[in-house]
Amino acid sequence: MALRIYEVDVPIHDTTHPDRRGLHVFTGVADSPAAALRRAHEVYDAVLAAHTAGLDIPDTQDGGWTARGLRPGWELDWHAAKAGPWHNSVSWTSPSDFAL
């Protein structure tokens with residue numbers, strides 16, 4: 001299977017204020033949605049471990065995966081995560097409603 005850019009959307013909530021919710025978005029190169037989900041989880045775990053140890057957040061890993069924007073005290077719901085092809089909504093090749 002060919003490599004392509006995937007987006008992994010993971011629901012997130014504040015553990016001290018459960019009504020505060022959001023979505024943590026990861027992007028990177030993978031050969032399938034399952035591989036994308038695995039890579040997103042791996043980079044998140046690496047960033048969380050570094051943060052917990054007081055180290056700098058690791059740079060972008062192979063395939064462009066990274067987990068910037070770590071929110072201590074927020075929990076990711078990996079069971080509800082969804083992975084699929086990434087679509088650049090601001091690309092000049094995307095359809096637009098704006099007239100030039």
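Position 1 is the first residue of the sequence; numbering continues from there. None of the values given here were measured: they were computed from a predicted structure.
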Can you tell me how far the CZ atom of R39 sits from the OG1 atom of T66, to the nearest 0.5 Å?
10.0 Å
Can you tell me how far the OH atom of Y6 sits from the CZ atom of R4, to the nearest 0.5 Å?
5.0 Å
Once rounded to the nearest 0.5 Å, what's the spacing between atom NE2 of H51 and atom CG of D56?
11.5 Å
Separation between CH2 (W65) and OG1 (T27), nearest 0.5 Å, reads 6.5 Å
Is H41 close to L37 at the side-chain level, that is, under 4.5 Å between some pair of heavy atoms?
no
Kindly compute the distance separating CZ (R21) from CG (D77), expressed to the nearest 0.5 Å.
8.5 Å
Nearest heavy-atom approach of V8 to A81 is CG1-CB, 4.5 Å
Is there side-chain contact between D9 and V25, with at least one heavy-atom pair below 4.5 Å?
yes
Do I5 and P85 have side-chain heavy atoms sitting under 4.5 Å apart?
no
Are the side chains of P58 and V47 in touch, meaning some heavy atoms are under 4.5 Å apart?
yes
Between W74 and Y44, ring centroids under 6.0 Å
no
Single-linkage hydrophobic cluster, 4.5 Å side-chain cutoff, V43 and W78 together:
yes
